[in-house]
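Keep in mind it's a predicted model, so treat the numbers as computed, not measured. Per chain, numbering begins at 1; letters A, B, ... match sequence-line order.
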Amino acid sequence: MKKTVFLGALTVAGLAAGVSAAATLEDVKARGKLNCGVVTGLVGFGAPDANGEWQGFDVGFCRAVAAAVLGDPKAVEFVPTTGKTRFTALASGEIDMLARNTTWTLTRDVDLKFEFVGVNYYDGQGFLVTKDMGVSSAKDLDGATICIQTGTTTELNLADFFRANNISYEPVPIETNAEGQQQYLAGACDAYTTDASGLAATRASFEDPSAHVVLPEIISKEPLGPLVRHGDNEWEDIVRWTLNALISAEELGITSANIGELSAAPGSNPEVNRILGTEGNLGEMLGLDADWAKRAIMAGGNYGELFAKNIGESTPIALARGLNAQWKDGGLIYSPPFR
Amino acid sequence: MTTITDPKQGQFRLSMLLYDSRYRAITIQIIALIGFLTLIGWLLSNTAQNLAVLSKEPSFSFMFEPSGYDINQRLLDYDSQDTHLRASLIGLLNTLLVAAMGCVAATIIGVIIGVLRLSPNWIVSRLTAVYVEGFRNVPLLLWIVFTMAILIETLPRPSAFRKGEASMSLWDTVAMTNRGIYIPEPLFSRSLGDMHLLGASALRFDVSLDLLALLAVVIAGFLTSILIKRRADIIQEATGLRPRTWHLRLGVVMLPFLLVLTILGFHLGYPELKGFNFRGGIHLRNSLIALWVALSLYTGAFVAEIVRAGILAVSTGQTEAASALGLRPKRTMSLVVLPQALRVIIPPLISQYLNLTKNSSLAIAVGYMDITGTLGGITMNQTGRELEAVLLLMLVYLAISLTISAVMNWYNQSVTLRER
């Protein structure tokens, strides 16, 4: 009798492509394009419009960075990522930065080796349900089937919330927002949960948004912000201060309408002058030219303009500034000084 | 006249490694081996170096951290405070469940369709040909997503049952909703309870004593039944008359079984609409059904072709000889053709089972929480341990595949032609 011997061959998939540690800026300049990770499609935050042009709040930030670094807000290669693929894409160097409603947590910052450059949207996790269900609180959701995007912090918050309130639920894991929307609308889940901003954006794209309601409970803190790989501090600084420039611009009244006038000659406000490069050498310190912040602001406007144009109250998504108002208006949006 | 003399036995020279055919084969193999090992070594050192640059030293300690997420379909108890290891185990069991269900269904579908495709009936053979070609030639992922979409979009949502727009099927025992199918579950009012094994470790599991009792009774019944058959054989050999035994044999299996069921207080628990969903009963989730149906139909098409090939490989002389002996067509198929066809069928069938098991990792498309969904999905994403998680995942699939292969090879050897 023939005896078969089994030999298991284990193939180690090596990371053949070397991950360069500190040359993102040079890479981006050499490539002439910024690879920016965005959502696969969330109206208002990042989605292609009817002409195939990417539009949205997070997309606008990618364009601002591209304008600051490369001088062209269109020089962006948008890489759609899901909740699951985003970190691998960033860690492997496939994208230079990730601007995709990603929550800043200790694990992601420390253990996953990323650097969050700041917060561009203060959010919290909510629940979307249909009005005819007659649910007024998330605590009424005992036994409900809930659609949830896998690989997100919301997945963990959901488990914690139901555990803390000692009620049961049935999770239905989904990959993308579009898939969640489809399952929710078909009634395959009673509630859809993600960041409240995402819920508002999703609801706005429904045929009849008034038949759906976001429950009042916000069960978590979700500070969303752009992030880059750990270890390349120069690049991290550029992305961080581009965000800060957009925020400061709103605070100091620099808008896409008056920026041409303000940057023509040094004005009376020294900080405006420093941001716009008419005074000092902040751009040089970052390894960029003097006009970097001007271009970033011109790409899509300052923080407030980006917000109003993409997700603000005049858009179908209709998000109030709330926590995301400037600190002077009682919000949390605050930039360190340009000095 | 010339004499042929042996070439002079010279000393070993280095050039002989290349020019002497006795050594050349070995030389080439050694060079190839060195090249292969260098490649592996380069891959390993490259991986280690790049991970070190990212300051992510390989470590498997994350498997023992609490997972923090919930899993909807769990064959063992599990909650979000359990470890990633436990979550992976739950996923592994889900993989094995759908693979086992798929292999059984694909075999049944494949054998039936394969035999029918050889039918002289024109419509039957053409219809089965359409099935085989249709399923074989469309990617499996599309079938899975398509099945899922059908389930979600066509079946009524649970709220429709509350409003009276939909009602339960089969005398109010089965609820078919777009969140899955709820079927009655077996319950025991005088249950013997469960046996808890392996304490509180990540691999702990419970064994139902009711199930063990039932299994013991059934096995004992079958053994007794075999004894009765042996006795009948002996009587037949001695007297030429075979006593009627079927009622005895049925009795020794069924009566004790029914008796134990009654003692344990067997009854069915029916699903009931409570709150948002049905409660009670066994919940076959959409994701499981979609994956199972698509995997079985897809692999079934391949199995059908294997079965057809196996049957065609048995020469027509065998069928004709069987007819000449007076065997009816059905018995010819089961007694003469199929046993011989099995020898041809089994080896390719093994690879279909392996394919099915590995294809079950497409579960991710419909959110079925198999091991790719837990260990290779959420765990990998929450811990950021891509390399470790993928390595573990590959090892797990390798182990499953080798096990299936071993079992099927053993079965293959038991049906091969024994030459005397």
ask   = Tell me, do D70(B) and R163(A) make a side-chain contact under 4.5 Å, heavy atoms counted?
value = no
message = Taking 4.5 Å as the heavy-atom cut-off, does anything in residues 273-280 of chain B contact chain A, and if so which residues?
response = F276(B), N277(B), R279(B)
Heavy-atom pairs under 4.5 Å with chain B, option from [options] with the top count:
| options | result |
| --- | --- |
| E170(A), E175(A), M133(A) | E170(A) |
| T88(A), T150(A), I174(A) | T88(A) |
| L141(A), T153(A), N157(A) | L141(A) |

query = Which residue pairs pass the salt bridge (charged side-chain N to carboxylate O under 4.0 Å, His left out) test when at least one of the two sits in residues 181-191 of chain A, sequence neighbours left out?
reply =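 For residues 181-191 of chain A, and leaving out neighbouring residues, the salt bridge (charged side-chain N to carboxylate O under 4.0 Å, His left out) pairs sorted by first residue read D190(A)-R179(B).
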query = Which pairs count as salt bridge (charged side-chain N to carboxylate O under 4.0 Å, His left out) when at least one residue sits in residues 89-112 of chain A, sequence neighbours excluded?
reply = R31(A)-D96(A), D111(A)-R385(B)
Side chain, backbone, both or neither: which part of [X] has a heavy atom under 4.5 Å from chain B?
| X | answer |
| --- | --- |
| T105(A) | neither |
| T107(A) | side chain |
| F162(A) | neither |

ask   = Quick one: ring pair (Phe, Tyr, Trp, His ring centres under 6.0 Å) partners of F114(A), sequence neighbours excluded?
value =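 Partners of F114(A) by the ring pair (Phe, Tyr, Trp, His ring centres under 6.0 Å) criterion, ordered by chain and then number, come out as F87(A).
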query = Can you name the closest pair of heavy atoms from G367(B) and P173(A) and give their distance?
reply = O-CG, 3.3 Å
[atom1]-[atom2] distance between [X] and [Y], expressed to the nearest 0.5 angstrom:
| X | Y | atom1 | atom2 | value |
| --- | --- | --- | --- | --- |
| E153(B) | Q183(A) | CD | CD | 9.0 Å |
| D132(A) | S159(B) | CG | OG | 7.0 Å |
| L185(A) | I152(B) | CG | CD1 | 11.5 Å |

Under a 4.5 Å heavy-atom cut-off, does chain A meet the side chain of [X], its backbone, both or neither?
| X | result |
| --- | --- |
| T383(B) | backbone |
| A160(B) | neither |
| E386(B) | side chain |
| S67(B) | backbone |

ask   = Just by distance, do the side chain of N72(B) and the backbone of P171(A) share a donor-acceptor pair under 3.5 Å?
value =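 Yes; judged by distance alone, with no hydrogens or angles, the pair exists.
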inquiry  = Looking at chain A, which one of G68(B), G180(B), G373(B) has the largest number of heavy-atom pairs inside 4.5 Å, strictly under?
reply    =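 Sorted descending by pairs with chain A, the first entry is G68(B).
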inquiry  = I'd like to verify something: which residue of H283(B), R285(B), Q73(B) has the highest number of heavy-atom pairs under 4.5 Å with chain A?
reply    = R285(B)
Flag if over 12 foreign heavy atoms under 6.0 Å of [atom1], [X]:
| X | atom1 | value |
| --- | --- | --- |
| K113(A) | NZ | yes |
| W235(A) | CH2 | yes |
| M63(B) | CE | yes |
| K139(A) | NZ | no |
| F146(B) | CZ | no |

task = Determine, step by step, whether K84(A) and I378(B) satisfy the side-chain contact (heavy atoms from CB on, under 4.5 Å) criterion, reporting the C-alpha distance in whole Å, the side-chain angles of both residues, the deciding distance to 0.1 Å, and the verdict.
result = CA-CA 8 Å; K84(A) 272 178 61 183; I378(B) 306 180; over 6 Å; no
